[in-house]
K.L.:
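Would you mind keeping the following structure in view while I ask a few things?
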Amino acid sequence: GENVEQHPSTLSVQEGDSAVIKCTYSDSASNYFPWYKQELGKGPQLIIDIRSNVGEKKDQRIAVTLNKTAKHFSLHITETQPEDSAVYFCAARALGGSQGNLIFGKGTKLSVKP
Amino acid sequence: SAVISQKPSRDICQRGTSLTIQCQVDSQVTMMFWYRQQPGQSLTLIATANQGSEATYESGFVIDKFPISRPNLTFSTLTVSNMSPEDSSIYLCSLGGGAGETQYFGPGTRLLVL
């Protein structure tokens with residue numbers, strides 16, 4: 001089945017710097033790759049997603065890139081702010097399993113220092 | 001996107017008891033799911049809540065332990081039965097996830113079993 005690896009597990013940056021989180025997946029048939037932000041005490045919030053027919057997607061300070069050949073995708077946050085501090089999860093949809101079976105990475109705890 | 005609410009938001013329970021978690025959505029949705037997030041861990045799909053029929057469980061999860069109801073297209077419940085401390089987790093309701101659909105999560109129910 002699908003396996004998603006996420007790196008790094010923790011990331012600390014200065015306010016204003018960029019942050020990059022990388023994920024790799026194993027199932028070449030996966031075609032949907034969302035990113036979620038989870039703040040303490042809250043549920044995961046979708047921040048951006050990308051489908052396999054697109055190589056890059058951008059929404060203000062957040063961008064995601066997808067390399068289907070290499071089976072990896074990355075989240076890029078520019079001009080980081082303290083409120084970006086949270087745990088970020090990448091995921092890939094396993095087409096062979098249940099419709100809702102997003103396979104998640106283990107998460108990256110991002111700390112943005114003012 | 002639909003608004004998802006969960007009750008209770010948190011609870012502390014004694015081992016051997018059961019807790020029923022409710023998930024309410026403000027619009028009709030086809031696909032609803034239940035996830036578990038153990039402390040400091042990623043998200044794992046428990047089951048797909050099917051309207052009008054038995055839920056579809058993922059490997060490692062059984063109906064006797066996690067009975068699920070879905071009486072209509074806006075509501076579902078998850079019961080955690082005969083709880084033990086190992087059941088201490090965040091339980092998340094999720095919707096969407098059909099082919100090409102974005103998937104959203106509720107705020108979660110934080111359960112501590114003593």
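As the structure is a computational prediction, the values presented were derived from the model and not from experiment. Values below: all heavy atoms of this structure, side chains included; hydrogens, waters and symmetry mates excluded.
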K.L.:
Identify whether B:I21 and B:F75 are in the same connected component of the hydrophobic contact network (ILVMFWY, side-chain heavy atoms under 4.5 Å).
P.N.:
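The answer is no; the residues belong to distinct hydrophobic clusters.
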K.L.:
Please state whether the side chain, the backbone, both or neither of B:L43 comes within less than 4.5 Å of a heavy atom of chain A.
P.N.:
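Backbone plus side chain of B:L43, per the 4.5 Å heavy-atom cut-off to chain A.
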K.L.:
With rounding to the nearest 0.5 Å, note down the distance linking CD1 in A:I103 to OG1 in B:T44.
P.N.:
8.5 Å
K.L.:
Tell me, side chain or backbone of A:Q6 under 4.5 Å from chain B's heavy atoms, or both, or neither?
P.N.:
neither
K.L.:
Please look at A:P44 and chain B and tell me whether the side chain, the backbone, both or neither of the residue comes under 4.5 angstrom of a heavy atom of that chain.
P.N.:
both
K.L.:
Around atom CZ of A:R61, are there more than 12 heavy atoms of other residues, nucleotides or ligands at under 6.0 Å?
P.N.:
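Count over threshold, so yes.
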K.L.:
Looking at chain B, which one of A:A91, A:G105, A:P34, A:G107 has the largest number of heavy-atom pairs inside 4.5 Å, strictly under?
P.N.:
A:G105
K.L.:
Could you pull out the closest heavy-atom pair between A:L46 and B:Y104, with the gap in Å?
P.N.:
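Heavy-atom minimum between the residues: CD2-CE2, 4.2 Å.
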K.L.:
Are A:V20 and A:Y36 linked, directly or through other ILVMFWY residues, by side chains that come within less than 4.5 angstrom of each other?
P.N.:
no
K.L.:
From B:Q37 CD over to A:Q38 CD, what is the distance, rounded to the nearest 0.5 angstrom?
P.N.:
4.0 Å
K.L.:
Restricting to non-hydrogen atoms, name the atom on B:R110 and the atom on A:K42 that form the minimum distance, rounded to 0.1 Å.
P.N.:
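Looks like NH2-N, 3.0 Å.
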K.L.:
Check for me, please, whether B:F61 and B:I63 land in the same ILVMFWY cluster - side-chain distances under 4.5 Å, paths through other members count.
P.N.:
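Yes; B:I63 is reachable from B:F61 via cluster members.
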K.L.:
Is A:Q60 atom CD crowded by more than 12 heavy atoms from other residues, nucleotides or ligands, each under 6.0 Å away?
P.N.:
no
K.L.:
For A:F89 versus B:Q41, what's the shortest heavy-atom pair and its separation?
P.N.:
CZ-O, 3.9 Å
K.L.:
How long is the gap from CZ on B:F33 to CG on A:L102, to the nearest 0.5 Å?
P.N.:
8.5 Å
K.L.:
Can you tell me if B:L114 has over 12 outside heavy atoms packed within less than 6.0 Å of its CG?
P.N.:
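Counting other residues, nucleotides and ligands, CG of B:L114 exceeds 12 neighbours.
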K.L.:
Write down the atom of A:K106, the atom of B:S42, and the distance for their closest heavy-atom approach.
P.N.:
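In this case the closest contact between A:K106 and B:S42 is CA-CB, 4.0 Å.
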K.L.:
NZ of A:K68: more than 12 outside heavy atoms within 6.0 angstrom?
P.N.:
yes
K.L.:
So for B:Q6, is it side chain, backbone, both, or neither that comes closer than 4.5 Å to the heavy atoms of chain A?
P.N.:
neither
K.L.:
Got a sec: does the CD of A:E79 have more than 12 other heavy atoms crowding it under 6.0 Å?
P.N.:
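Open.
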